[in-house]
Structures are given as C-alpha cells and as structure tokens.
Amino acid sequence: MRWIVAFGLAVSLLFGYEYNAFLLQTQASVYPKIIGFDQKLRDHIEDGKIDFCILHEEIDTSVADNLVQTIAKHYSKIDSLPVRMHSLKFAPFIADKHPKKRCDAVYVLRSSDAKLKKVAQMIRHKYIYSFTYDRHDLDFGFLCNVAIEKDVRIYIKKDVLQQERFDFVDALFTIAKIVE
C-alpha cells in the first residue's frame, strides 16, 4: 500500500499541474476580445501589430503551444491590427530588459509566485495587457482573469486598470467584476 501512495505522489510531482481544458479554451476565446474592447488600443500598440505572448514554464510548453495555435486560428486580427502569437518561457522573458518591444499582451500560465511577481513588476506602466490562468494571480499585479464558477466570470484588477489607463468600452464593465 505504501508503494502505491509513493508512486502516486511521484507521478503527480513528475507531471506537475494539470490545466482545465475548458477554462483554457474559454480564456483563449475571451482574452483577445478584451484587448479589442480598449478604445485606445492603437495608442498602446507601437508597431501596428499586436504581439500576444503566452508565458509558461518548460513543463507547460505543449499547453502554451496549443494556446498559441488556438488564438492564432481564431484571431488573426484584433480591431484590424494583425496579431502575432508567441510562446515564451518565463526565464527569457524575465531576462529581457524591454518587455514592451517583445509583447503587447501577456497571458501567464502557472509558475512560482516569485516569477509571477517579477513579470507583473516588469510590465507595470508599460501598457501591456496582462491575463492570468489563475484568478489569484491578479494579486501580483495583472489586469484580467476569466474564471469559471457558477458561470463564466471576468475579473479586472482595479489598480492595474487605473495605472495603465486602459479605456475599455462600458459594456465590458457591465459584465466584469472589478476587484481591489
């Protein structure tokens, strides 16, 4: 019996965190739309193309690659601006001193609190749209999360919204919950 428990723990540590496929699909379909709700979108995009980056750990490369393919398939353009999808590991992104040159939007998958805090700190005041897989990661300083509870909920972090001065259409605020 002990061997079975030990084996189960070893397997769970080896394969890490398991993602909710339905939540990933929902987020992949909603996050690009949220970018399109910004009335000043063109003011935040410097090169005429929206670079949307999925940040992930090595173990989550296939999850990130699937998200890149899904979003690219459905969103070649947002508000007539071309969308370029990228799958990036956290370490190279964190090492980059100019994240705005690389990404206009980031979607962070699961990682350590330290890495998530670092990414949120790096993108602060850079007009980078930021989305999370886990709602609790908003506390680190990311803008938005879509969660599935009794229904689909959109959460927007109030202080990030104010700091970055995004100007979303009012309709978004009627369906989103603003969190402190």
Side-chain angles (χ1 to χ4, degrees), residues 9-36 38 41 44-78 81-148 155-157 160 163-164 166:
L9 286 173
V11 168
S12 68
L13 290 173
L14 179 65
F15 292 106
Y17 187 82
E18 187 172 326
Y19 288 90
N20 178 319
F22 183 68
L23 178 59
L24 287 170
Q25 289 289 24
T26 303
Q27 290 174 339
S29 67
V30 173
Y31 289 158
K33 289 178 185 173
I34 291 173
I35 294 170
D38 186 359
L41 173 62
H44 296 154
I45 306 303
E46 296 172 355
D47 62 356
K49 298 176 197 89
I50 300 171
D51 289 296
F52 196 129
C53 301
I54 310 294
L55 301 182
H56 62 89
E57 293 292 352
E58 178 74 37
I59 194 167
D60 296 327
T61 299
S62 65
V63 173
D65 290 346
N66 286 335
L67 285 168
V68 164
Q69 290 173 1
T70 300
I71 295 172
K73 179 180 173 184
H74 297 287
Y75 296 96
S76 61
K77 293 185 179 195
I78 298 174
L81 293 172
V83 176
R84 293 187 300 196
M85 294 300 304
H86 309 278
S87 172
L88 297 172
K89 293 181 185 79
F90 277 99
F93 182 84
I94 290 171
D96 191 346
K97 301 293 182 207
H98 304 285
K100 182 63 178 171
K101 291 184 183 206
R102 182 176 279 206
C103 298
D104 297 302
V106 297
Y107 174 4
V108 296
L109 297 180
R110 302 282 301 169
S111 188
S112 69
D113 290 357
K115 286 181 183 175
L116 293 168
K117 286 177 189 175
K118 181 66 176 169
V119 169
Q121 180 184 31
M122 288 176 65
I123 65 174
R124 188 171 296 132
H125 303 298
K126 304 248 183 329
Y127 306 108
I128 295 174
Y129 303 90
S130 58
F131 307 100
T132 66
Y133 173 77
D134 189 326
R135 181 172 65 93
H136 301 290
D137 294 342
L138 289 176
D139 294 338
F140 297 125
F142 295 102
L143 175 66
C144 184
N145 175 264
V146 169
I148 299 175
Y155 293 96
I156 298 175
K157 188 79 170 165
V160 176
Q163 289 169 1
E164 301 301 333
F166 293 120

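For reference, positions follow the sequence shown, starting with 1.
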Criterion side-chain contact (heavy atoms from CB on, under 4.5 Å) on Val146 and Tyr133, from CA distance to verdict: CA-CA 8 Å; Val146 169; Tyr133 173 77; over 6 Å; no
Over all atoms of both residues, closest heavy-atom pair of Lys77 and Pro82: CG-CA, 4.1 Å
Closest non-hydrogen atom pair, Leu23 against Ala147: CD1-CA, 4.2 Å
Salt-bridge present (Asp104, Lys49; N to O < 4.0 Å): no
Any side-chain donor near an acceptor of the partner, Asp60 and Tyr19, under 3.5 Å: yes
Over all atoms of both residues, closest heavy-atom pair of Tyr75 and Ala28: CE1-O, 3.8 Å
Validation row: Ile34, Ile156 side chains within 4.5 angstrom (heavy atoms): no
Side-chain heavy-atom pair Glu57, Lys115 within 4.5 angstrom cut-off: yes
Candidate pair Phe90 and Ser112, rule side-chain contact (heavy atoms from CB on, under 4.5 Å), full reasoning: CA-CA 10 Å; Phe90 277 99; Ser112 69; over 6 Å; no
Pairwise distance NE2(His44) to CD1(Ile50) - rounded to 0.5 angstrom: 12.0 Å
No-hydrogen, no-angle side-chain donor-acceptor test under 3.5 Å, Ser29 and His74: no
Separation between CZ of Phe142 and CZ of Arg135, rounded to the nearest 0.5 Å: 15.5 Å
Distance in Å, Arg110 CZ paired with Leu55 CG, rounded so as to fall on 0.5 Å steps: 14.5 Å
From CA spacing to verdict: salt bridge (Lys or Arg N to Asp or Glu O under 4.0 Å), Asp137, Lys117: CA-CA 9 Å; Asp137 294 342; Lys117 286 177 189 175; over 6 Å; no
Distance in Å, Leu67 CG paired with Gln69 CD, rounded so as to fall on 0.5 Å steps: 9.5 Å
Within the 6.0 Å centroid threshold, strictly below: Phe166 and Tyr129: yes
Taking every non-hydrogen atom, the tightest pair across Leu88 and Cys53: CD1-SG, 3.7 Å
Plane angle bin for Tyr31 and Tyr107 - parallel if under 30°, tilted between 30 and 60°, otherwise perpendicular: perpendicular
Closest approach of Asp65 to Ser87 (non-hydrogen atoms, all atoms of both residues): OD1-OG, 3.2 Å
Side-chain heavy atoms of Leu138 within contact of Thr132, under 4.5 Å: yes
side-chain contact (heavy atoms from CB on, under 4.5 Å) between Lys157 and Leu143, intermediate numbers included: CA-CA 5 Å; Lys157 188 79 170 165; Leu143 175 66; 5.6 Å; no
Flag side-chain contact, heavy atom, 4.5 Å: Leu41 against Leu81: yes
side-chain contact (heavy atoms from CB on, under 4.5 Å) between Val106 and Ile54, intermediate numbers included: CA-CA 6 Å; Val106 297; Ile54 310 294; over 6 Å; no
Side chains of Ile148 and Thr26 in contact at under 4.5 Å (non-hydrogen atoms): yes
Heavy-atom neighbours of Lys126 NZ exceed 12 at 6.0 Å: yes
pair His86-Val68: side-chain heavy atoms closer than 4.5 Å: no
Straight-line distance of Asn66 CG to Leu24 CG, nearest 0.5 Å: 9.0 Å
Contact check, side chains of Cys103 and Ile123, non-hydrogen atoms, under 4.5 Å: no
pair Val108-Phe131: side-chain heavy atoms closer than 4.5 Å: no
Minimum heavy-atom distance Met122-Phe93, with the two atoms named: CE-O, 3.3 Å
Separation of Gln27 CD from Asn145 CG (nearest 0.5 Å): 5.5 Å
